[in-house]
Peer 1: 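Below is the structure I would like to discuss, written out as structure tokens.
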Amino acid sequence: MSREVPLERYRNIGIIAHIDAGKTTTTERVLFYSGRTHRMGSVDDGTTVTDWMEQERERGITIVSAAVTTQWRDHIVNIIDTPGHIDFTAEVQRSLRVLDGGIVVFDAVQGVEPQSETVWRQANRYKVPRVCFVNKMDRVGASFERTIESIIDRLGANPIAVHLPIGFEAEFRGMVDLIDEQAIIYTDELGATPQRREIPSDLKSLAADMRAKMIEQIVETDDELTLKYLDGGEISPEDIRQGLRKAVIAGKATPILCGSALRNKGVQPLLDAVVDYLPSPLDIPPVQGLKPNSEEELIRQANEEAPLSALVFKIVTDAYVGRLAYIRVYSGKIKQGSTVYNSTKGKRERVGRLIHMYADRREDVDEVLAGDIAAVLGMKGTFTGDTLCDASNQIVLESITFPEPVIFLTIEPKTLADQDKMSEALQKLAEEDPTFRVGVDENTGQTIIWGMGELHLEVLMVRLLREFKVQARIGRPRVAYRESISKPVPKVVHRYVKQTGGKGHFAHVVLKLERGEPASGIVFENRIKGGVIPKEFARGVEKGVSEAAESGVLAGYPVTDVKVTLYDGSMHEVDSSEMSFKVAGSMAFKEGVQRGAPVLLEPVMHTEVVVPEDHIGDVSGDLSSRRATIEGIEPRTGETQAIRAKVPIAEMFGYATDLRSMTQGRGVFTMEFDHYAQVAEQVTKELLTGAR
């Protein structure tokens, strides 16, 4: 099958933002104006395309990222609408990993909010070029200028305004296109046919100043344009667009547009910006990977004639068709009915059906070419982060890393009939969501589930009941503590000697333990010299350390942030084996942790509470009583203030209800995981004695 639309006219983009900034509404308008839908869905009415899950429509929030495909100006636009709530940050992370560009939506009243900062950092990490859409310009307190200032101050970005709003708040009528020097006015309620007119006389002077500033910002990013500008040459609208496109793709600038998605204003210029400034798969660097079981680097060009390389970025259990694997094809092509190689797992997989997803609806296709996003049906052993490739040209692409879950709870089936159903359902949910973990408490035999927050686990438990028809008793949420050491242990010697009738066991290891960097996990270093312990036995020590770290010595929580160095030991020619060194490594590590003055660590959340001014004292006092470190208070719109603080998550269960009662329902807060910190001595005693 030949490609109907050239690859340079493909755009793979995500819509990312803080919760309630208007991502889903913007996506709905994009689908309507591009002709993909014939009516506009509403988040409030539960009629949106991308929020298709029952709980999303009930709660009015996005929970899972949804993929849709549309067309604009003869370009194919693959869009992923992502969640804004921090509990579902994994959905944003895996979407950004496979996207070429992004639209960041800001609330014109609130400006940059905490989750805006998080998604911006994630986009920086994956080097995703983006355009910004300042939404809700029709609301009381909206400010285009203040939002741009907060983008500079809080995100350290280089925003370039290509729009100037016409009218304020309820009088917002459209925007000045600074590049073409025209006014875009929306006269009808549907906003389908915006009119281009002359710039209103009262805005001509300001528009000329802003255009001059915009041109200066753009020419600074391009040497050729700088020379032309300094020589007094005319910078045409086409020069501006090309210069801005180059700057956006290079990560040097971000165009800022404005509008009101709910009032149907500004969405068509946003689609134009996606086509004009965001990259096609050919504009981004070729994907890099490693040859399996080696350090040899490989690259794959975005070309369907190249060997296949594709990344699985999401697994979904569909009630009608079964297990779907969402893939981004970077090079080559995948055909329906063909066999591909999963280089991460080292096994072959058959491609059952290939599907272009339209939120929860499906369109079958025969093949998927380089640069496209689709879903595959029929893969049984493939999971999020796995690489699919040709068996004869193997490559492993960089996987996707996810944050560690910070709370857990126990779950028990109500009846024997629910027992098997529950195990199967939890396994499917864990396959879909890499931040959801399932395990068993060795002491009680109870099933334990871990998640990113109360809302995350609540949503999954409702799915368990509604989708999988499992009745279960659920315990109260508890904190996922960790253990670490507080002082170095320079030398831990352990000999494991066991003689049986036949071949015995012998392993002698000498370890050094040090406190590692925050969020480093367990770092193992092999510093054996002279081959006194062969590499394969050293790998056994590493496995033993990893297994021992799963359960600490204080309260059985996993051990983290410890650097372990194997620097001496000995072996026996006959009795030594990898298993012997694994046991020795495990025992030496446990002994070392015991001697390293073990401490409990707790997850600390970066929290922002936005409240009316007259409630600042009560809310600040309440946060301090929750062991919060208040970092600052800054003014927000109207008479509201934002309190930024670091608070242990243990103190924040049920905070939403307490905040509502303190502020007469007017306060809101957001939380995201920041770091693990040592638990205060008194709190540790209470935890270990069961007083908490």
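Keep in mind that this is a model prediction, so the values were computed, not measured.
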Peer 1: So, using side chain to side chain contact (heavy atoms under 4.5 Å, CB included) as the criterion, who are the partners of Leu271 when residues are at least two apart?
Peer 2: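 For Leu271, the residues satisfying side chain to side chain contact (heavy atoms under 4.5 Å, CB included) (neighbours in sequence not counted) are Val30, Trp72.
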Peer 1: So, are Lys291 and Glu297 salt-bridged, with charged N and O less than 4.0 Å apart?
Peer 2: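 No, Lys291 and Glu297 are not salt-bridged.
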Peer 1: Pairing donors with acceptors under 3.5 angstrom, does anything connect the side chains of Thr226 and Asp223?
Peer 2: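 No donor-acceptor contact under 3.5 Å links the two side chains.
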Peer 1: Would you say Arg644's side chain and Gly632's backbone share a donor-acceptor pair under 3.5 angstrom?
Peer 2: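 Checking the backbone N and O of Gly632 against the side chain of Arg644, no donor-acceptor pair under 3.5 Å is found.
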Peer 1: Are any of the side-chain nitrogens in Arg154 or Glu634 under 4.0 Å away from the carboxylate oxygens of its partner?
Peer 2: yes
Peer 1: Any ion pair linking Asp100 and Arg328 (charged N to carboxylate O, less than 4.0 Å)?
Peer 2: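 The answer is yes: the pair qualifies as a salt bridge.
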Peer 1: Quick one: does any side-chain atom of Asp177 pair with a main-chain N or O of Gln182 as donor and acceptor, under 3.5 Å?
Peer 2: no
Peer 1: Does Arg130 make a cation-pi contact with Trp120 (under 6.0 Å, within 45 degrees of the axis)?
Peer 2: yes
Peer 1: How close do Tyr33 and Ala192 get, counting heavy atoms only, and between which atoms?
Peer 2: CE2-CA, 3.8 Å
Peer 1: For a quick test of reading the model, state the closest non-hydrogen atom pair linking Ala207 to Leu178 and the distance between them.
Peer 2: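 What the structure gives for the nearest pair is O-CD2, 3.6 Å.
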Peer 1: With heavy-atom distances below 4.5 Å as the criterion, would you say the side chains of Tyr126 and Ile400 are in contact?
Peer 2: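 They are in side-chain contact.
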Peer 1: Can Ile215 and Ile240 be said to form a side-chain contact (heavy atoms from CB on, under 4.5 Å), step by step?
Peer 2: CA-CA 7 Å; Ile215 291 172; Ile240 294 172; 3.9 Å; yes
Peer 1: Glu224 side chain to Val219 main-chain N or O, any donor-acceptor pair under 3.5 Å?
Peer 2: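 No; zero donor-acceptor contacts below 3.5 Å.
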Peer 1: So do Thr187 and Arg173 actually touch side chain to side chain, heavy atoms under 4.5 Å?
Peer 2: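 A side-chain contact is absent here, since even the closest heavy-atom pair is not under 4.5 Å.
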Peer 1: Is any side-chain heavy atom of Ile160 less than 4.5 Å from a side-chain heavy atom of Pro255?
Peer 2: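 Ile160 vs Pro255: side chains apart.
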Peer 1: Do Val77 and Thr69 touch side chain to side chain, with heavy atoms closer than 4.5 Å?
Peer 2: no
Peer 1: Partners of Ala306 by side chain to side chain contact (heavy atoms under 4.5 Å, CB included), sequence neighbours excluded?
Peer 2: Asn303, Ser331
Peer 1: So, taking the atom named CD1 in Ile16 and the one named CD in Gln93, what distance separates them when rounded to the nearest 0.5 Å?
Peer 2: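 Going from the CD1 atom of Ile16 to the CD atom of Gln93 covers 11.5 Å.
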Peer 1: Is the side chain of Asn12 donor-acceptor paired with the backbone N or O of Asp372 at a distance under 3.5 Å, no angle test?
Peer 2: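 Answer holds: no.
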Peer 1: With a 4.0 Å cut-off on N to O distance, would you call Arg139 and Asp107 a salt bridge?
Peer 2: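 Yes, Arg139 and Asp107 are salt-bridged.
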Peer 1: Check whether Arg197 reaches the backbone of Ala183 with its side chain - one donor and one acceptor, N or O, closer than 3.5 Å.
Peer 2: no
Peer 1: Quick one, Thr401 and Arg125 - any side-chain contact, counting heavy atoms below 4.5 Å?
Peer 2: yes
Peer 1: Taking Thr387 for its side chain and Leu311 for its backbone only, find out whether a donor-acceptor pair lies under 3.5 Å.
Peer 2: no
Peer 1: Locate the shortest heavy-atom distance separating Asp138 from Ser260; write the atom from each residue and the value.
Peer 2: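 The pair with the smallest heavy-atom distance is OD1-OG, 2.8 Å.
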Peer 1: Just verifying a value: how many Å separate Ser95 OG and Ile15 CD1, rounded to the nearest 0.5 Å?
Peer 2: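 If I round to the nearest 0.5 Å, the distance is 11.5 Å.
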Peer 1: Only one of Lys252, Lys228, Lys246, Gln242 clears side-chain hydrogen bond (donor to acceptor under 3.5 Å, both in side chains) with Asp222; which?
Peer 2: Lys246
Peer 1: So, is the end of the Arg146 side chain (NZ or CZ) under 6.0 Å from the ring centre of Phe144 and within 45° of the ring's axis?
Peer 2: no
Peer 1: Test your reading of the model: is there a side-chain donor-acceptor pair from Arg211 to the backbone of Glu181, 3.5 Å cut-off?
Peer 2: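 No; judged by distance alone, with no hydrogens or angles, the pair does not exist.
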Peer 1: Check whether more than 12 heavy atoms from other residues, nucleotides or ligands sit under 6.0 Å from atom CD of Glu8, and answer yes or no.
Peer 2: yes
Peer 1: Compute whether any side-chain donor of one residue and acceptor of the other, for Asn78 and Arg11, lie under 3.5 angstrom apart.
Peer 2: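 Not at all, the side chains of Asn78 and Arg11 share no donor-acceptor pair under 3.5 Å.
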Peer 1: Just wondering, are more than 12 heavy atoms of other shown residues or ligands nearer than 6.0 Å to CZ in Phe168?
Peer 2: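 Atom CZ in Phe168 is not packed in, count stays at 12 or less.
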Peer 1: Does any part of the side chain of Asn135, heavy atoms only, come nearer than 4.5 Å to the side chain of Phe106, both counted from C-beta?
Peer 2: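 Answer no - side chains too far apart.
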Peer 1: Heavy atoms only: give me the nearest Val267-Tyr186 pair and the separation to one decimal.
Peer 2: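 Looks like N-OH, 4.2 Å.
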Peer 1: Once you round to the nearest 0.5 Å, how far does CD1 of Ile373 lie from NZ of Lys314?
Peer 2: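 Between atom CD1 of Ile373 and atom NZ of Lys314 there are 12.0 Å.
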Peer 1: Shortest non-hydrogen contact from Pro307 to Asp390?
Peer 2: CA-OD2, 3.4 Å
Peer 1: Check for a donor-acceptor pair, side chain of His163 on one end and backbone N or O of Met175 on the other, with a separation under 3.5 Å.
Peer 2: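 No; zero donor-acceptor contacts below 3.5 Å.
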Peer 1: At what distance, to the nearest 0.5 angstrom, does CZ of Phe172 lie from CE of Met137?
Peer 2: 5.5 Å
Peer 1: Hey, mind stepping through Tyr10 and Leu282 against side-chain contact (heavy atoms from CB on, under 4.5 Å) and telling me if it holds?
Peer 2: CA-CA 9 Å; Tyr10 269 72; Leu282 294 174; over 6 Å; no
Peer 1: Determine, stepwise, if the pair Arg97 / Thr384 fulfils side chain to side chain donor-acceptor pair (under 3.5 Å).
Peer 2: CA-CA 12 Å; Arg97 169 69 179 82; Thr384 299; over 6 Å; no
Peer 1: Strictly distance-based, threshold 3.5 Å: is any side-chain N or O of Thr26 a donor or acceptor partner for the main-chain N or O of Gly22?
Peer 2: yes
Peer 1: Taking side chain as C-beta onward, heavy atoms only, is Arg245 less than 4.5 Å from Asp283?
Peer 2: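 Arg245 reaches Asp283 side chain to side chain.
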Peer 1: Between Arg9 (side chain) and Asp74 (backbone), is there a donor-acceptor pair under 3.5 Å?
Peer 2: yes
Peer 1: I'd like to know whether Val647 forms a side-chain contact (heavy atoms from CB on, under 4.5 Å) with Val604, so could you lay out the CA-CA distance, the side-chain angles of the two residues, the decisive distance to 0.1 Å, and finally the verdict.
Peer 2: CA-CA 5 Å; Val647 199; Val604 174; 5.9 Å; no
Peer 1: Examine the side chains of Glu672 and Thr118 and answer whether a donor and an acceptor come within less than 3.5 Å of each other.
Peer 2: yes
Peer 1: How many angstroms lie between CG in Leu99 and CD1 in Ile80, if you round to the nearest 0.5 Å?
Peer 2: 4.5 Å
Peer 1: Are side-chain heavy atoms of Phe673 and Met605 found at a separation under 4.5 Å?
Peer 2: yes
Peer 1: Is it the case that the side chains of Asp153 and Ser150 hold a donor-acceptor pair, with the cut-off being a distance below 3.5 Å and no angle test?
Peer 2: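 There is no such pair (donor and acceptor under 3.5 Å, judged by atom type) between the side chains of Ser150 and Asp153.
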Peer 1: Does a side-chain N-to-carboxylate-O contact under 4.0 Å join Asp180 and Arg241?
Peer 2: yes
Peer 1: Going from CG on Leu388 to CG on Leu397, what distance comes out if it is rounded to the nearest 0.5 angstrom?
Peer 2: 9.0 Å
Peer 1: Determine, step by step, whether Gln288 and Leu298 satisfy the side-chain contact (heavy atoms from CB on, under 4.5 Å) criterion, reporting the C-alpha distance in whole Å, the side-chain angles of both residues, the deciding distance to 0.1 Å, and the verdict.
Peer 2: CA-CA 6 Å; Gln288 291 186 321; Leu298 303 170; over 6 Å; no
Peer 1: Salt bridge check: are Asp209 and Lys204 linked by an N-O gap of less than 4.0 Å?
Peer 2: no
Peer 1: I'd like to know whether Arg73 forms a salt bridge (charged side-chain N to carboxylate O under 4.0 Å, His left out) with Asp272, so could you lay out the CA-CA distance, the side-chain angles of the two residues, the decisive distance to 0.1 Å, and finally the verdict.
Peer 2: CA-CA 8 Å; Arg73 280 172 39 191; Asp272 287 334; 3.1 Å; yes
